[in-house]
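In what follows, every heavy atom counts, from backbone to side chain, and hydrogens, waters and symmetry copies are set aside. Reminder, nothing fancy here: chain letters follow the sequence lines and each chain counts from 1.
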Number of protein chains: 2
Amino acid sequence: MYLRYLEDLDTRGQKTAASDELAQLCGTTPAQVRKDLSFFGSFGKRGLGYPVHELTARLREILGLEREWKVVIVGAGKIGAALANYRGFKQRGFHVVGVYDNNPDKIGQPWGEAIVRDIADLERDVEREQALIAVLAIPSDDAQQVVESVVRAGIRAILNFAPTQISVPPNVSLKSVNMAMELEGLSFALTNAAGSKGAA
Amino acid sequence: MYLRYLEDLDTRGQKTAASDELAQLCGTTPAQVRKDLSFFGSFGKRGLGYPVHELTARLREILGLEREWKVVIVGAGKIGAALANYRGFKQRGFHVVGVYDNNPDKIGQPWGEAIVRDIADLERDVEREQALIAVLAIPSDDAQQVVESVVRAGIRAILNFAPTQISVPPNVSLKSVNMAMELEGLSFALTNAAGSKGAA
DNA sequence: CTACCTTTGTGAAGAATTTCACAAGCTCAA
DNA sequence: TTGAGCTTGTGAAATTCTTCACAAAGGTAG
C-alpha cells in the first residue's frame, strides 16, 4: 500500500514524505507507518521524512517486483478476463503466459492477446514455462483439483477467487479473495449499524 | 465464512457440526470457532455440537441476509461484468438495480439483463430507488468523486475495486479489494520464501 | 439411574499488534 | 556555529486477538 502512494508522489516529483503524510494517504497512523517501515530497515531522515524515490525502489525490491513473474490464469470467465486485461498487471511485472478453461466452446477462442487453451494442457505448460503463480477464477468444485495439478507442475503461489477453502502444501503461498463475502460483510455493517465505519 | 460451509453441510443433510469440524472446513481452530460464535450467542449443544440448520438461519439473520439489498454497479468494465454475472450475488439477496458508466459507447448498450446507464443519472437513480450499496469498478481517478456523489444520494455502503484509498463519512461502510496488491503480496511471499505458507 | 463419553462456553494466560511518548538526529536560518 | 523546529526510530505501555484448559452440560449404553 505504501508503494502504491509513494509511486504517486514520485511521479509528481515530490522528494520526501513524512510518516504523517503517508499515514494520511494510506488511511493509517504515523506510528504505524514508522513501525512498518522500520521492520525492513531505517529509510528515513530525521527532521525530513522518507526519501520518496529511494524508498519506492527499495520497496519494489523487497516485494520482489524487480523481476518478471510468469502467471497462468485458470478460468476464462469474466473474472479471468478482468484480471488479464488489468493494466497494472503487466506494469508490475506479472506476465500472463497462458489462459486455460475446460469449456470446449472457449478453448481455441482468441482472448485478449492470447488464445484460451485446454485445461488438460495446463500442467504440462506450467512445467515447461516454469510459471510460478496461478490465478484461479473457476467454480469451487474444480478448485482443489486444479490446485493439486498446478502444484504438481511447480506453481509456488496461488491467488484464488473461488469462494471455497483450498489447501496447499506448506511451501506454496495462497491468497483468497471472496467477493460474496466482502458484500456480506457490508450487509452486516449496515444491519448492525451504529455509525460503524468500515476498514479500507 | 462459517455460513458458507454450514450451508454446504445443511444441503447435504448433516444435522449437527462440532467446532472441530467447522474449524477444519474453514481452516482455523476449534477454539476460534467457539469464541467467534459465542460472541453472538450460545448456539451449540454440549456433547453434540452446533445445530447446522438453525445456526445457518441465525447467521443469515445476523449478517442481514434475510432482506434484499439494492445494489448499483458503477463501471461497466470486466470487473463490473464479473460481479453482475455472479450467481451467488442475487442468491444472497443482492439485487443489482442499475449499471452505470461514463463511456458514451457503452451507455445504452444491453448488459446482461440490464442496460448500461449514464453515470450522470446515477445520483438521481440511487435516490429514487433507495439503493444502499454501491460497487465501484472504475479507475482510481474517478473514485472519490463518484463516492461523494453516491453518498449524497443516500448510499450507505461501498465495495471499492479501484486501487486507491477513498474516504467516506463515518456513517458509510467501506470495503476495498485491490487485486494488484494481492498479487504483490504473493510476490513478496515468493521472494522472501523460507517455506512460508500464505493465509487463506 | 449411573457411569462414561463428547463437546460447548468461557475465564485466564499468552501472543501479537498498535499506540504512546520521547531521546536522538537532521535541516535550515541567521 | 548555534539554536529552533521537525521527524524518525524505538522501547514501553496499552490494547486486541488467539490459544489453553477445564467445569458444566448434554447424550448414550447398559
State whether the number of non-hydrogen atoms from other residues, nucleotides or ligands found under 6.0 Å of A:Q24 atom CD is greater than 12.
no

Residue set satisfying salt bridge (charged side-chain N to carboxylate O under 4.0 Å, His left out) with B:D118, at least two apart, ordered chain then number -> none

Between the protein and nucleotides 11-16 of chain C, list the N/O to N/O atom pairs that are separated by less than 3.5 angstrom.
unit_1	atom_1	unit_2	atom_2	d
C:dG11	O6	B:K35	NZ	3.1

Non-neighbouring partners of A:Q109 that pass side-chain hydrogen bond (donor to acceptor under 3.5 Å, both in side chains), sequence neighbours left out
none

Quick one: B:Q32 CD to C:dG9 C1', roughly how many Å, whole number?
14 Å

For A:E66, give me all partners under salt bridge (charged side-chain N to carboxylate O under 4.0 Å, His left out), at least two apart in sequence or on another chain.
none

Without decimals, in angstroms, what is the distance between B:E54 CD and C:dT8 C1'?
15 Å

Boundaries of the DNA chain D segment in contact with chain A, non-hydrogen, under 4.0 Å
D:dC6 to D:dA12

Can you list every pair that meets salt bridge (Lys or Arg N to Asp or Glu O under 4.0 Å) and has a residue in residues 31-56 of chain A, with sequence neighbours left out?
none

Heavy atoms within less than 4.0 Å of DNA chain C: which residues of residues 40-51 of chain B have one? Give them sorted by number.
B:S42, B:F43, B:G44, B:K45, B:R46, B:G47, B:L48, B:G49, B:Y50

Mind checking side-chain hydrogen bond (donor to acceptor under 3.5 Å, both in side chains) for A:Q145 and listing every partner two or more places apart, or none if nothing turns up?
none

Taking side-chain contact (heavy atoms from CB on, under 4.5 Å) as the test, write out the residues that go with B:R58, two or more places apart.
B:F43, B:E61, B:I62

Sequence neighbours excluded, the answer for side-chain hydrogen bond (donor to acceptor under 3.5 Å, both in side chains) partners of A:E148 is A:Q144

Residue pairs, two or more places apart or on separate chains, that pass side-chain hydrogen bond (donor to acceptor under 3.5 Å, both in side chains) and touch residues 71-89 of chain B:
none

Spacing between A:L37 atom CG and C:dT18 atom P, to the nearest angstrom:
14 Å

Taking side-chain hydrogen bond (donor to acceptor under 3.5 Å, both in side chains) as the definition, give me every residue that meets it alongside A:R60, ordered by chain and number, with sequence neighbours left out.
A:E7

